[in-house]
Amino acid sequence: MTYQPATALPLGLLRDDEVQHALARHDFGTVFRIARERAGISYSKIGAECDIKPERVGTLARGQGRITTFEKVVQIADALRVPGHLVGLAPRPWEADDVPAGTSTAEIGSHVRRRTLLQAATTTGLAAAFPALHRSEAPSRITTAYVDRLRERTTRLRRLDEVLGGGDTYRVYLGEVQYTKGLLRRASFHDGARRRLTALLAEQAQQAGWAAFDGGRTRDATELYEESRTFAQTAQDPDLYGNSLAFLAYGTLPKDRRTAVSFAQDSCATITSRTPSTVRALLYERLAWACAVDGQATGTETALTSAREALSATQDDEPQPDWSVWVDHTELDIMTGRCWSELRRPLRAVPVLTEALGRYSDDHARDKALYLSWLADAYLSAGEVERAAETVGRALELSVGVASIRPQQRLAPLLNRLRPHSALGPVRDVLEHATD
């Protein structure tokens, strides 16, 4: 039997609306307060299990300060036995043993999760674009018109990624993949509808893979990208096939840079005169990033130039797939700055990142926090420690409550690089903020 800490929250509290909203926002002070008031779990027990001073637990419970470090979020989730998906993490190792018989962690709070998604959509003007998660019954024979309706649904659901992290969206996107697979297995089709539905499945698998990657499910992400490549090939869709290779390149980079570059080169080899301009730009910028991480400055610059030429050649009436329209000149400028930061060329990275991020909305909190981390990295490479600290602090603020592990993964090593400079006021401030 697995160890059950004295601070484990009762199932009734995990299902409570207020607790779930607090967990989604990483407002652990509220969780601590409710745990003491309604479950009799003392602050001293919470402090001991979470490695936080009891007086600090009380301060958080009074609404003063926040927990922002990835490591501390994980530690609290384990101490309170909070299922990973409630705080934007992958399932914790103990979850299979701790969930009562007949109850799945995905079911805990499904109602609240859906309502939270709707509220997030409303506050960002996306309510009209958010479809109901239920589906009407499929026709007896699948037509191209029905596939087009499913594609419109996929387009609307994709908007969730603009404001939410993969910890929130993964199950939504994976449900779409599973539904489409079921249709392909059991339905009959009018001419051409099967191929179009297979192409849609390739698109959905890419979106689900991206959410899995963002939520820390790297193995699931790779499997989905590989499935997407197969579906795109079956559907004879070169654009989606190239994008599946670009996704594989992105996911492979942390463990095998040369293979990642090879994937990215293969993705660009799918480009033809018929490839939409935003798709060309997307594939070239992914190649630029792979080259930058691998230290290939010339390859990086060549790919960035190709991406910029692709965007500049866009015609006003040129149709673009929804999955690539987010690639614009601002995004390309940000990728350019990221690449130069990765190549330790701060004099190139800082100006382009500063200018582009000034145009980038805070509404996209996860992405902006990530992009700011490369600006902070460039400042550190240039010896501008105070500016780096200020930028890290801004990124930390934006990343609070985002159901993605990537901002904290990026910011943790930057904080470590700042620690030797803790005598500087801005550095001391951000290090104290990071421990809240």
Side-chain angles (χ1 to χ4, degrees), residues 21 24-25 85 88 110-136 146-180 199-215 217 221 224-225 228 239-240 243-244 246-247 250 276 278-279 281-282 285 319-332 334-335 359-371 398-399 401-407:
H21 287 312
R25 298 191 307 271
H85 76 275
S110 60
H111 168 72
V112 174
R113 178 171 301 280
R114 179 175 296 167
R115 191 173 67 196
T116 301
L117 294 175
L118 284 166
Q119 288 173 339
T122 301
T123 58
T124 55
L126 296 175
F130 186 78
L133 293 183
H134 69 273
R135 303 177 185 85
S136 57
Y146 181 71
V147 176
D148 289 342
R149 289 201 297 274
L150 291 180
R151 177 169 281 107
E152 290 170 1
R153 174 187 171 90
T154 297
T155 295
R156 293 192 297 268
L157 283 173
R158 185 178 290 111
R159 298 294 175 264
L160 295 177
D161 186 65
E162 296 175 6
V163 291
L164 302 175
D168 283 325
T169 59
Y170 173 66
R171 284 180 173 81
V172 174
Y173 295 145
L174 185 62
E176 300 299 298
V177 169
Q178 293 168 340
Y179 177 77
T180 303
L200 176 60
L201 179 56
E203 182 180 337
Q204 291 170 335
Q206 289 174 11
Q207 188 65 41
W210 175 251
F213 174 74
D214 190 49
R217 301 169 177 265
L224 284 160
Y225 294 155
S228 174
D239 298 338
L240 284 168
N243 199 40
S244 68
F247 271 124
Y250 207 85
T278 56
V279 175
L282 174 59
E285 77 162 29
Q320 307 289 338
D322 183 75
W323 51 263
S324 65
V325 293
W326 59 274
V327 182
D328 57 15
H329 288 285
T330 297
E331 285 285 352
L332 184 53
I334 290 171
M335 177 58 81
R359 306 193 304 266
Y360 202 85
S361 172
D362 286 1
D363 289 342
H364 306 296
R366 175 199 61 194
D367 292 343
K368 191 161 186 177
L370 282 166
Y371 298 156
L398 285 169
S399 67
V402 173
S404 168
I405 69 167
R406 293 188 297 139

Which residues pass the side chain to side chain contact (heavy atoms under 4.5 Å, CB included) test with Leu201, sequence neighbours left out? Val177, Thr180, Lys181, Leu184, Gln204, Phe231
Check against side chain to side chain contact (heavy atoms under 4.5 Å, CB included), Phe213 and Phe247: CA-CA 10 Å; Phe213 174 74; Phe247 271 124; over 6 Å; no
Might you work through the side chain to side chain donor-acceptor pair (under 3.5 Å) test for Thr330 and Arg359, ending with a clear yes or no? CA-CA 7 Å; Thr330 297; Arg359 306 193 304 266; 3.1 Å; yes
State the OH-CD distance between Tyr173 and Gln207, to the nearest 0.5 angstrom. 4.5 Å
Who passes salt bridge (charged side-chain N to carboxylate O under 4.0 Å, His left out) against Arg149, sequence neighbours left out? none
If I compare all heavy atoms of Ile405 with all of Gly215, which pair ends up nearest, and what's the gap? CG2-O, 4.0 Å
Looking only at heavy atoms, which two atoms of Ala199 and Leu240 are closest? And how far apart? O-CD1, 3.3 Å
Residues two or more places apart in sequence or in another chain: which of them pass side chain to side chain contact (heavy atoms under 4.5 Å, CB included) with Ala246? Asn243, Ser267, Leu283, Arg286
Any chance you could lay out the side chain to side chain contact (heavy atoms under 4.5 Å, CB included) test for Trp323 and Thr154, step after step, and finish with the verdict? CA-CA 10 Å; Trp323 51 263; Thr154 297; over 6 Å; no
Taking every non-hydrogen atom, the tightest pair across Ala211 and Tyr170: CB-CA, 3.7 Å
Could you check whether any side-chain heavy atom of Leu224 comes within less than 4.5 Å of a side-chain heavy atom of Trp210, counting everything from C-beta outward? no
Can you sort out the partners of Ala365 under side chain to side chain contact (heavy atoms under 4.5 Å, CB included), two or more places apart, ordered by chain and number? Leu398, Val402
List in chain and number order the residues that pass side chain to side chain contact (heavy atoms under 4.5 Å, CB included) with Asp322, two or more places apart in sequence or in another chain; answer none if no residue qualifies. Thr155, Arg158, Arg159, Val325
Could you please spell out the steps behind the side chain to side chain donor-acceptor pair (under 3.5 Å) verdict for Ser228 and Ser244? CA-CA 6 Å; Ser228 174; Ser244 68; 4.8 Å; no
Quick check: closest heavy atoms across Val327 and Ala281, and the distance to 0.1 Å? CG1-CB, 3.9 Å
Let me confirm one number: the CZ-CG distance from Arg366 to Asp161, rounded to the nearest 0.5 Å. 4.0 Å
Give the intermediate values and the outcome of side chain to side chain contact (heavy atoms under 4.5 Å, CB included) for residues Glu331 and Tyr371. CA-CA 10 Å; Glu331 285 285 352; Tyr371 298 156; 3.2 Å; yes
Looking only at heavy atoms, what is the nearest atom pair of Gly209 and Ala221, with distance? O-CB, 3.3 Å
Taking salt bridge (charged side-chain N to carboxylate O under 4.0 Å, His left out) as the definition, give me every residue that meets it alongside Asp367, ordered by chain and number, with sequence neighbours left out. none
As an exercise, state the distance from CG of Leu370 to OG of Ser399, rounded to the nearest 0.5 Å. 9.0 Å
List the atom of Ala403, the atom of Asp168, and the distance in Å for their closest heavy-atom pair. CB-OD2, 3.5 Å
Take Asp148 and Arg151 through the side chain to side chain contact (heavy atoms under 4.5 Å, CB included) test and state the conclusion after the steps. CA-CA 5 Å; Asp148 289 342; Arg151 177 169 281 107; 4.0 Å; yes
